[in-house]
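Order of appearance sets the numbers: ligands from 1, and atoms from 1 within every ligand.
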Amino acid sequence: MVPDEVHIEIDGAFRAIDSAFTLNRTRYAEAARVTSEPSTTEPIVDVQGISHSYQKGTTALRDVSVKIRQGDFIAIVGRNGSGKTTFAKHMNALLKPNSGQVLFRGKPVSRMKISEVARQVGFVFQNPDSQIFCETIEDEVRFGPTNLGYGKEETERLVAEAIATVGLKGLEGSDPFSLTKGERQRIAIASTLACNPEVLILDEPTTGLDYTQERSIMSMLERLNKEGKTIIIITHSLHLVSEFAHRVVVFKEGSVAFDGPVRDLFEPKNEDLLAQSGLALPKIAELSHRFGITALSVSEFAAFFDRRES
Ligand code: ADP
């Protein structure tokens, strides 16, 4: 349930906007068309009907199929315990399915060496501190590529590039634990990036970060995505999904309840699905529904309107 005061805020905002601006439907239709065009390229990771039960007997995944394509920016969402992490861990063979299979560029990951899969599909775990164990940032970031057998020169290049990408240049010799949580999250991302994977999976990369830190991590992922990396994030922050991801997969009790463009998920017809999956519609989507559209960010929403002639 949305509290009354929020309704009042949205009511007020709706009236204020409605009196001063008009919706440009052509501009909206164009944006909505672009974001719902399905990708037709061959999948990089093709998850085919996987099921997974843990030893204790919990069935965490039931017949899950998802195709990940080059350049995707996917958010995986759903209640705690709905199977998101279990699913993600199958993509780089950290877990094996009881049935079904995962293909990487057409090849079953079960037949690839763990190091080969790790080179292609990088995984940044939920708590950066569980991933950090070296005394300097540089040693930490160097660990992955060294272990995966990259040559010395290549390793140094990848390490320098990864540290620069995450914005920690100049701090190479610092102790990771002298930094903020947001910076330690960047180290964890750099450590995975330095292995130069095609696909980067991040399990709740913004948990525990403040607004500025979370936006800065998301903008960095957006830049990496534009440079060609395929990004998959597990998250509970629907406002970030709305603004940054292109596609969203909703997990519900171990199954995929929705897989499609972010805008489609936030349309009024999916209200029940969102509620059943424990997901609250972002406020900007809620406000935009009053105008008969679904906007994904405040700046996008504003761009759909023209000032009324006075
Ligand atoms: P999510 O990432 O959506 O929170 P998980 O994939 O972590 O969901 O968990 C899915 C289900 O599997 C839950 O019921 C959880 O308790 C169970 N589970 C997760 N990891 C283990 C494990 N190592 N051993 C036994 N059960 C587990």
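- Protein heavy atom in closest approach to atom 1 (P) of ligand 1: G81 N, 3.4 Å.
- The shortest distance between side-chain heavy atoms of L287 and F14 falls below 4.5 Å.
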Is there a ring-ring contact (aromatic ring centres under 6.0 Å, His included) between F304 and F291 once you walk through the steps? CA-CA 11 Å; F304 294 144; F291 294 91; over 10 Å; no
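- Within ligand 1, the atoms closer than 4.0 Å to a non-hydrogen atom of A60 are 10 (C), 11 (C), 12 (O), numbered from 1 in the order shown.
- Side chains of Q70 and R105: a donor-acceptor N/O pair is present below 3.5 angstrom, by distance only.
- Nearest to atom 27 (C) of ligand 1 among the protein's heavy atoms is Y54 CD1, 3.2 Å.
- With ligand atoms numbered from 1 in the order given, ligand 1 contributes 4 (O) to contacts under 4.0 Å with heavy atoms of N80.
- Atom 8 (O) of ligand 1 has as its closest protein heavy atom G83 N, 3.2 Å.
- Within 4.0 Å of atom 25 (C) of ligand 1, at least one protein heavy atom is present.
- E300 and S297 share no donor-acceptor pair across their side chains, judged by distance under 3.5 Å alone.
- Side-chain atoms of H289 and E271 form no donor-acceptor pair, as typed in the model, at a separation below 3.5 Å.
- Under the 6.0 Å cut-off for aromatic ring centres, F133 and F143 qualify, their centroids lying closer than that.
- The protein non-hydrogen atom at the shortest distance from atom 15 (C) of ligand 1 is T58 CG2, 4.7 Å.
- A cation-pi arrangement is absent between R157 and Y150 under the rule of less than 6.0 angstrom and at most 45 degrees off the ring axis.
- Against a heavy-atom cut-off of under 4.0 Å, R79 is close to the following atoms of ligand 1: 3 (O).
- Residue contacts with ligand 1 include S82, since one or more of its heavy atoms lies under 4.0 Å from the ligand.
- Here the heavy atom of the protein found nearest to atom 3 (O) of ligand 1 is K84 NZ, 2.8 Å.
- Within the 4.0 Å cut-off (strictly below), a protein heavy atom is located near atom 20 (N) of ligand 1.
- No N or O atom of K56 sits closer than 3.5 Å to an N or O atom of ligand 1.
- T294 and S288 are not linked by any side-chain donor-acceptor pair at a separation below 3.5 angstrom, with hydrogens and angles left out of the test.
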E30 and R33: salt bridge (charged side-chain N to carboxylate O under 4.0 Å, His left out), yes or no, with the steps? CA-CA 5 Å; E30 178 60 15; R33 185 185 64 77; 3.0 Å; yes
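- Nearest to atom 9 (O) of ligand 1 by heavy atom, out of V77, I76, T86, I234, is T86.
- Looking at T85 against ligand 1, both its backbone and its side chain come within 4.0 Å, counting heavy atoms.
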